[in-house]
Amino acid sequence: MIRVYNTLSKSKEPFEPVRPGKVGIYLCGPTVYKPSHIGHMVGPVIFDAIKRYLTYSGYEVTLVVNVTDVDDKLIAESARRSMLMSELAAEMTRDYMNNLDAMGIDTVSHFPRATDHIDQIIQFTADLIQKGCAYESDGDVYFDVSKDEDYGKLSHRTLESMIGEGGDTAERKRSSADFALWKSAKPGEPSWSSPWGPGRPGWHIECSVMSSRLLGETFDIHGGGLDLVFPHHENEIAQSECRFGKPMARYWLHNGLMQASDEVGKVGGRATRPAEDDLQSQSAGKISKSKGASAFSEMLKEFEPENIRFFLLSSHYRRPIDFSSERIREVGTGLESFYRFFKRYQRVTGRSFYEVAAATRREEGDFDPESDAVLVEVSERRKRFLAAMDDDFNTGGAIAELFELMRRLNRQIDDEKLEEPNRQSAERIAVLRQGAATLREIGLTLGLFRNPPKEAEARGDELAGKLLDLLVEIRTEARKAKNFAMADKIRSSLAELGVTLEDRPGGTEWTIGK
RNA sequence: GGCGCCGUAGCCAAAUGGAUAAGGCAGCGGAUUGCAAAUCCGCGAUUUAUCGGUUCGACUCCGAUCGGCGCCUCCA
């Protein structure tokens, strides 16, 4: 039984999809006016894992991530850069897609764009007017929040508390809490013709339109950053539920926001933060475009995607994450130990870990450990991993089981001396294989261990490789002759060049890199 | 000001009423090694910001205090 935390009820609820066996997820994607930063990857990485896990658990999952490509910010930015809004949107959408691609997020079923749905947006807006939930005012169309009895139910606030200034369109609204469905165009702004004159959609309407179109009037999971709870998601609910008269989504999942605590100027930090209020600039704060977070594409030059993924999944998705390069490196160190285990597995079995046949469905992964001590623990760790994931996708707790599982298999190799060629038995290797298959199986549900990591450095050219082989051979002879001074000199000299030597039962191995 | 979240070992972090408070990073011992590296084993919270309360029992619920943060305006 999978349980999820629902912002609507502020509690964990058993997960039961609207249609048995099928799950529809709508994740709020970016407004494409600037390059994406690490904060934009949090939701996609988590929901990529959620989709993988739900699929693994037997559901047929449709994941929709929208792209908002028409908005005041796009208009402003494209004007600043003297380009068409559509050109800007295309450029930034490409940036976003490249980033998702680099992160191995290939689980998204649809990326609907607002500008591809203008007709439906106009229709939706007209329907809302007809239902009496919205009104036209001087070329704009506003949603009348007083018509929505439970307005505020997601963000848990009362209507009175939301009455504010109303922005610069206050005179045109009946209530300052009303929000725009359609905005009339000023001269020179991109616009589409509508029953209310030329204009463009407001911010929230595209999500109501596209989610209902792709996932239905009531779908299962609506996700996004915590900062979208109000007003964005609250307004989506108001629009959709007024229009369809039924709940928009069953479960509202919100991820915590990335906080920047890195030194100014580093990746993800508040690079262009204004110099005033020095005292406050010491503290962490939300990463956002307006505060000048660095482009994610820059970060990819510094860190491996899997390292970033591991970092994002190592704590619970609802918790805010303090970003720092040091932290990513730290979890990277832990991740490296998995890579070393994978190489070790290959040395022992002669097979690549990445070719281990792993179950892709939960039931398929079940196995009978009989009374083998190793398999009993492997099975136990797998169960605990699944229990953690079932409990509101607790990826942090689940990753702990990955470490435990790896440790158990390393211990098996040590205890049974499986790395010594003459000590192997087919039966014990089979046990190790089962353990590795389980590790890969559950790792894959998080989108981990899909492909071999890039070697730290290019393995040098062919000549360098041959020279290293030669040096290792000379050193091995020196060691046999107990000429350890020579052996150590070769090792330490190579270390200075960034080459690490490791002596193992099966021989010496060299690696280039950190 | 209104609404809300968070505070667990040096650092990161899981566990939200029940039996010894996961795991990672860093550190320290030991096994292994010619010496290393890697790996394995062992060690760290008499205790979950503080104080008080509810309970047979609280990190977990309630109240207060201190500290950090978010939303209320654009944001993943």
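Letters A, B, ... mirror the listed sequences (proteins, then strands); counts begin at 1. In what follows, every heavy atom counts, from backbone to side chain, and hydrogens, waters and symmetry copies are set aside.
Scanning atom types as modelled, no donor and acceptor separated by under 3.5 angstrom connect the side chain of A:Asp414 and the base of B:C41. Counting atom types as modelled, A:Arg491 pairs a side-chain N or O with a base atom of B:A36 as donor and acceptor under 3.5 Å.
With B:C25, B:C71, B:G23 as the candidates, the nucleotide lying closest to the side chain of A:Thr333 is B:C25. Nearest to the side-chain atoms of A:Arg157 among the listed nucleotides B:A76, B:A36, B:G2 stands B:G2. The A:Cys28 side chain lies nearest to B:A76 when the options are B:G23, B:C69, B:A76. Each of B:C75, B:C40, B:G70 was ranked by its minimum atom distance to the side chain of A:Lys73; first place goes to B:C75. When distances are taken from the side chain of A:Phe230 to each of B:G4, B:C35, B:C72, the shortest belongs to B:C72. Taking the side chain of A:Arg411 as heavy atoms from C-beta on, and the options B:A76, B:U39, B:C40, the nearest nucleotide is B:C40.
A straight line from CG of A:Leu154 to P of B:G4 spans 14 Å, rounded to a whole angstrom. Following rounding to the nearest Å, A:Tyr96 (OH) and B:C75 (C1') show an atom-to-atom distance of 13 Å. Per the geometry, CD belonging to A:Glu326 stands 10 Å off C1' belonging to B:A26, to the nearest Å. Per the geometry, NE2 belonging to A:His254 stands 18 Å off C1' belonging to B:C69, to the nearest Å. Protein atom CE of A:Met258 is 17 Å distant from nucleotide atom P of B:C69, rounded to whole Å. Going from atom CZ of A:Arg329 over to atom P of B:C11 covers 20 Å, rounded to whole Å. Rounded to whole Å, the distance from CE on A:Met389 to P on B:G23 is 20 Å. In this entry the distance linking NE2 of A:His232 with C1' of B:U73 reads 15 Å, nearest Å.
Across all strands, A:Phe484 comes closer than 4.0 Å to base atoms (heavy-atom distances). Residue contacts shown for A:Arg3 are absent, as no nucleic acid heavy atom lies under 4.0 Å away. If you check every strand for non-hydrogen atoms under 4.0 Å, A:Asn410 touches sugar and phosphate atoms only. A:Glu419 comes within 4.0 angstrom of nothing in the nucleic acid, heavy atoms only. Heavy atoms of A:Ser492 sit nowhere under 4.0 angstrom from any nucleic acid atom. The residue A:Leu228 sits close only to the backbone: its heavy atoms come under 4.0 Å of sugar-phosphate atoms, none of a base. The residue A:Leu501 sits close to a base: some heavy atom pair falls under 4.0 Å. Using a 4.0 Å heavy-atom criterion, one finds that A:Arg318 contacts no nucleic acid atom at all. The residue A:Gly43 sits apart from the nucleic acid: no heavy atom pair falls under 4.0 Å. If you check every strand for non-hydrogen atoms under 4.0 Å, A:Gly223 touches nothing.
In this model, the phosphate group of B:G4 is not approached by any side-chain N or O of A:Ser155 to a distance below 4.0 Å at OP1 or OP2. Between A:Trp510 and B:A37 there is no side-chain N or O to OP1 or OP2 distance below 4.0 Å. Listed pair A:Arg407 / B:C41 meets the phosphate criterion, a side-chain N or O lying under 4.0 Å from OP1 or OP2.
Ring geometry, A:Tyr26 versus A:His222: the interplanar angle falls from 30° to 60°, so the pair is classed tilted. A tilted orientation is assigned to the rings of A:His204 and A:His232, their planes being inclined by 30° to 60°. Taking the six-membered ring where tryptophan is involved, the planes of A:Tyr96 and A:Phe111 are perpendicular, since the angle between them exceeds 60° and thus also 30°.
For A:Phe403 and A:Phe338, the gap between ring centers is short of 6.0 Å.
Under the 3.5 Å distance criterion, the side-chain polar atoms of A:Asp503 are left unmatched by any main-chain donor or acceptor of A:Thr508. A side-chain donor-acceptor contact under 3.5 Å links A:Thr7 to the backbone of A:Trp252. A donor-acceptor distance shorter than 3.5 angstrom exists from the side chain of A:Asn307 to the backbone of A:Ile328, with no hydrogens or angles considered. At distances below 3.5 Å, at least one donor-acceptor pair connects side-chain atoms of A:Ser208 with backbone N or O atoms of A:Glu236. A donor-acceptor pair is defined here as one N or O able to donate and one able to accept, closer than 3.5 Å; such a pair exists between the side chain of A:Asp178 and the backbone of A:Ser175.
Rounded to whole Å, the C1' atom of B:U33 lies 41 Å from the corresponding atom of B:U48. To the nearest whole angstrom, the two P atoms, one in B:G2 and one in B:U65, are 13 Å apart. Going from the C1' atom of B:C75 to that of B:A15 covers 32 Å, rounded to whole Å. The gap from the P atom of B:G10 to that of B:U47 amounts to 13 Å, rounded to the nearest Å. For B:A14 and B:G7, the C1' atoms lie 15 Å apart once the distance is rounded to whole Å. Spacing of P atoms, B:C62 relative to B:U20, comes out at 25 Å, to the nearest Å. As rounded to the nearest Å, B:C6 and B:A49 have P atoms that lie 12 Å from one another. Rounded to a whole angstrom, the distance from the C1' atom of B:G17 to that of B:G67 is 27 Å.
With a 4.5 Å cut-off on side-chain heavy atoms, A:Glu477 and A:Lys480 do not count as touching.
The base-pairing partner of B:G70, taking Watson-Crick or G-U wobble contacts with both distances under 3.5 Å, is B:C3. Pair assignment for B:A13: none, as no Watson-Crick or G-U wobble contacts are both less than 3.5 Å. Under the Watson-Crick and G-U wobble criteria, each requiring two contacts below 3.5 Å, nucleotide B:U8 is left unpaired. Using Watson-Crick or G-U wobble geometry with both donor-acceptor distances under 3.5 Å, B:G27 finds its partner in B:C43. Nucleotide B:U33 forms a pair with no other nucleotide shown, judged by Watson-Crick or G-U wobble geometry with both contacts under 3.5 Å. In a base pair of the Watson-Crick type (N1 to N3 plus N6-O4 or O6-N4) or a G-U wobble (N1-O2 and O6-N3), with each distance short of 3.5 Å, B:C61 is matched with B:G53.
Salt-bridge check for A:Glu206 with A:Arg200: failed, with every basic side-chain N at 4.0 Å or more from each acidic carboxylate O. Here A:Lys383 does not pair with A:Glu380 in a salt bridge; the nearest charged N to carboxylate O distance is not below 4.0 Å.
Each of A:Ala487 and A:Gly225 was matched to the nucleotide of RNA chain B holding its nearest heavy atom; the match closer to the 5' end belongs to A:Ala487. With the nearest nucleotide of RNA chain B identified for both A:Arg384 and A:Arg504, A:Arg384 has the one nearer the 5' end.
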Short N/O separations, protein against nucleotides 12-20 of chain B, under 3.5 angstrom:
unit_1 : atom_1 : unit_2   : atom_2 : d
B:A14  : OP1    : A:His316 : N      : 2.8
B:A14  : OP1    : A:Arg319 : NE     : 3.4
B:A14  : OP2    : A:Arg319 : NE     : 2.5
B:A14  : OP2    : A:Arg319 : NH2    : 2.8
B:A14  : O3'    : A:Asn394 : OD1    : 3.3
B:A14  : O3'    : A:Asn394 : ND2    : 2.8
B:A14  : O2'    : A:Asn394 : ND2    : 3.4
B:A15  : OP1    : A:Asn394 : ND2    : 2.8

